[in-house]
Amino acid sequence: MSIIHVNQIATKVKELFGDLIDTSDLNKTDSQYELKKLSRCLAAYAVFCIGGSSEIEAASSVIDGANDNGIDAIYYSPATKRMILVQSKWSIKGTGEPDNGDIRKFKDGVSDLVSLSFDRFNSKVEKMRNMVEAALTAFDTKFDIVLVHTGNKLLSEHNQRIMDDLVLELNDAGDGSSDDIVIFHQLNQARIHTSLAKGVEGEPIKLEVGLSQWGKIEDPYLAFFGIVSGDEVYEWYKLHGNKLFSKNIRQMLGSTDVNDEIKNTIENHPDKFWYYNNGITLIADKVKKSMAGGNAKDIGSFQLSNISVVNGAQTVSSIGVTSESKKEKLIKVRVPIKIISLENTEPNFGSYVTKNNNRQNRIENRDFVSLDDQQIRLRTELAIDGIEYCIVRSELFKPTESSFDLIEATTALACVSKQSSLAVQAKREIGKFYENLNKPIYKSIFNQETTGKFIFNSVMCLRAVEKLIKKNIKLLESKSGRNYGILVHGNRMLALLTFSKLNINESAKSSNFMIDENKIEDAFNDSLNELDEQIETYYQGKILSSLFKNFSICKNIYQNII
């Protein structure tokens with residue numbers, strides 16, 4: 001069956017990406033031309049599947065070619081803050097697994113990329129340089145390392161160990177702890193075939209849905225909204241399973257963390273489900289209200305044809321797998337639902353609904369910080385002094401000489417703290433500061449003793465260091481390698497060392513504080529030289545992007561220097 005499955009996969013990925021993939025660097029008379037094109041289509045599919053991109057974005061992410069250094073696609077989404085790195089291997093026979101040499105090349109390529117060694121990649125990667133650097137230096141970026149191949153085997157123990165060791169090193173936070181910043185995915189023939197099949201198999205699903213407290217929108221397109229009971233959603237899933245999500249080709253790759261939260265609410269707070277859950281969005285070719293209930297809005301029955309759950313797959317599946325012993329809880333579960341009729345809509349409207357429902361309205365922990373009394377107090381203090389402190393996430397905000405936001409404030413306070421763990425956390429995953437506003441990691445920098453003036457002074461000092469980093473980068477002959485990596489990946493460590501040398505965490509509290517750029521530059525240069533010496537002496541061969549996110553290593557470096 002392997003060859004049959006491979007041929008079916010080939011047909012589908014060419015249908016999706018064949019006209020979008022760049023093959024201008026390939027020779028059409030090459031006997032391997034079709035194989036190379038299929039491999040690129042497969043790489044695009046991995047990005048489409050894992051990264052949640054559009055077909056065009058996925059095709060544009062492919063960098064396969066000469067000197068690709070083992071990486072066939074690179075994709076970064078600023079919206080979801082995820083970077084996808086793909087190696088694609090096409091097996092015509094559909095047997096076995098990728099060669100050990102290919103796995104090692106992929107591992108080395110990932111290491112080179114996160115170390116900003118751009119000189120080891122082709123011109124396609126160079127064109128993506130700004131995007132790659134933005135991803136590697138952005139706050140809270142997560143990484144998906146993806147091996148996609150049409151072999152029928154999973155990686156052998158030896159090959160799997162190569163990728164496991166890479167992920168372990170990149171996730172290593174020191175002191176025996178690690179964070180899931182980097183995840184390895186393997187999409188082999190079976191996984192690819194199943195995923196593609198989910199998008200095309202089965203007869204159209206018809207549902208009769210009972211809604212309470214329902215309402216209707218007629219302009220520009222017909223839609224209904226209301227509440228559906230948990231036990232009714234349970235029956236949908238038992239009857240149709242994952243076919244409910246057939247128009248969402250990425251449904252099978254959902255987040256287990258989300259599932260756990262939903263299950264916890266069902267089991268422990270079923271009556272609060274409506275308040276906690278974002279609900280379900282469902283599209284249907286046609287929606288018809290039955291005569292039952294008349295025009296009363298308290299309850300109504302709706303007949304839906306050719307439906308698909310385009311948002312809320314985790315909600316539906318989590319409810320659907322509720323155990324028999326917990327099933328009675330579902331009677332109390334009320335699920336928000338939005339039903340959109342595609343009848344009389346513009347072409348491809350269903351696809352637009354699917355994509356945008358999964359991209360918009362992303363809530364982050366930092367959004368709740370704007371409700372904290374300390375933040376409101378600090379914003380007011382600064383406003384009195386004519387300084388804008390933006391504590392609400394906004395795409396429109398632009399920092400100026402008299403304005404800054406929560407992210408910049410958090411970073412600055414972490415770097416002036418004289419605590420390497422806080423500076424590393426700001427580099428590693430700044431969102432941790434906002435997970436629980438009552439925990440020490442947040443309270444240590446935002447508390448009653450923190451003044452608006454102190455934050456502003458700290459931010460100005462941080463900007464002075466960042467200016468020096470840019471200055472030093474411009475002086476480098478090559479924007480690649482260790483010296484470049486220390487400046488880019490070690491930016492928070494450099495700020496921490498510089499501020500500690502100058503005792504900024506005390507002097508910046510003064511209302512008379514003035515930034516002395518000459519002193520900052522002297523301290524910065526000393527810190528840069530000492531940091532380079534530490535890495536040369538003790539940490540040669542370490543991946544710098546991982547080193548500067550490792551709590552124990554950075555603590556040792558800090559103690560050795562300060």
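The basis for the numbers below is simple: all heavy atoms, side chains too, and nothing from hydrogens, waters or symmetry mates.
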For [X], enumerate each residue passing the salt bridge (charged side-chain N to carboxylate O under 4.0 Å, His left out) test, keeping only those at least two apart in sequence or located in another chain.
{"X": "Glu533", "result": "none"}
{"X": "Asp108", "result": "none"}
{"X": "Lys89", "result": "Asp102"}
{"X": "Lys432", "result": "Glu435"}

### Message
For the residue pair Gln87 / His149, report whether a side-chain donor-acceptor contact shorter than 3.5 Å exists.
### Response
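Looking only at side-chain atoms, Gln87 and His149 do not form any donor-acceptor pair under 3.5 Å.
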#### Entry: Asp119 and Ser117 side chains, donor-acceptor separation under 3.5 Å
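Judged by distance alone, the side chains do not pair up.
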#### Entry: Set of residues satisfying ring-ring contact (aromatic ring centres under 6.0 Å, His included) with respect to Phe143, sequence neighbours excluded
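Listed in chain order: nothing, the list is empty.
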### For Tyr33, ring-ring contact (aromatic ring centres under 6.0 Å, His included) partners two or more places apart
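Partners of Tyr33 by the ring-ring contact (aromatic ring centres under 6.0 Å, His included) criterion come out as none, since no residue qualifies.
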For [Y], does its backbone N or O pair with a side-chain atom of [X] as donor and acceptor, under 3.5 Å?
{"X": "Asn171", "Y": "Val182", "answer": "yes"}
{"X": "Asn152", "Y": "Gly96", "answer": "yes"}
{"X": "Ser39", "Y": "Lys36", "answer": "no"}
{"X": "Arg428", "Y": "Lys549", "answer": "yes"}
{"X": "Asn122", "Y": "Ala66", "answer": "yes"}
{"X": "Thr141", "Y": "Ala135", "answer": "yes"}

### Query
Would Met493 and Tyr558 satisfy side-chain contact (heavy atoms from CB on, under 4.5 Å), going step by step from the backbone distance to the final call?
CA-CA 8 Å; Met493 195 66 182; Tyr558 181 72; 3.7 Å; yes
[X]: partners by side chain to side chain donor-acceptor pair (under 3.5 Å), with sequence neighbours left out:
{"X": "Glu429", "value": "Lys142"}
{"X": "Asp165", "value": "none"}
{"X": "Ser478", "value": "none"}
{"X": "Glu346", "value": "Tyr221"}

### Task
Work out which heavy atom in Phe106 is nearest to a heavy atom in Leu85; give both atom names and the distance.
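Phe106 and Leu85 have their closest heavy atoms at CZ-O, 3.7 Å.
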### Shortest non-hydrogen contact between Val114 and His489, atoms and distance
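Answer, listing the atom of Val114 first, then His489: O-NE2, 2.6 Å.
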### Task
Take Ile535 and Lys542, measure what side-chain contact (heavy atoms from CB on, under 4.5 Å) needs, and give me the verdict at the end.
CA-CA 9 Å; Ile535 293 172; Lys542 288 288 291 184; over 6 Å; no
### Query
Is there side-chain contact between Glu521 and Leu468, with at least one heavy-atom pair below 4.5 Å?
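Yes, close enough: below the 4.5 Å cut-off.
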#### Entry: Leu531 vs Ile557 side-chain heavy atoms within contact, under 4.5 Å
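Leu531 vs Ile557: side chains touch.
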#### Entry: Residue pairs fulfilling salt bridge (charged side-chain N to carboxylate O under 4.0 Å, His left out) with at least one residue in residues 152-164, sequence neighbours excluded
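Listed once each, the pairs are Glu157-Arg161.
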### Query
Among pairs that include at least one residue of residues 91-100, which meet salt bridge (charged side-chain N to carboxylate O under 4.0 Å, His left out), considering only residues two or more places apart or in two chains?
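Sorted result for residues 91-100: empty, none.
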#### Entry: Partner of His185 under side chain to side chain contact (heavy atoms under 4.5 Å, CB included), chosen from Ile145, Asp144, Val148
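For His185, the side chain to side chain contact (heavy atoms under 4.5 Å, CB included) check succeeds only for Asp144.
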Salt bridge flag under 4.0 Å for residues [X] and [Y]:
{"X": "Asp532", "Y": "Arg482", "value": "yes"}
{"X": "Asp68", "Y": "Lys124", "value": "no"}
{"X": "Lys28", "Y": "Glu34", "value": "no"}

### Task
Might you work through the side-chain contact (heavy atoms from CB on, under 4.5 Å) test for Leu476 and Asn472, ending with a clear yes or no?
CA-CA 7 Å; Leu476 293 175; Asn472 277 266; over 6 Å; no
### Test log, rule side-chain contact (heavy atoms from CB on, under 4.5 Å), inputs Val167 and Ile183
CA-CA 7 Å; Val167 171; Ile183 299 173; over 6 Å; no
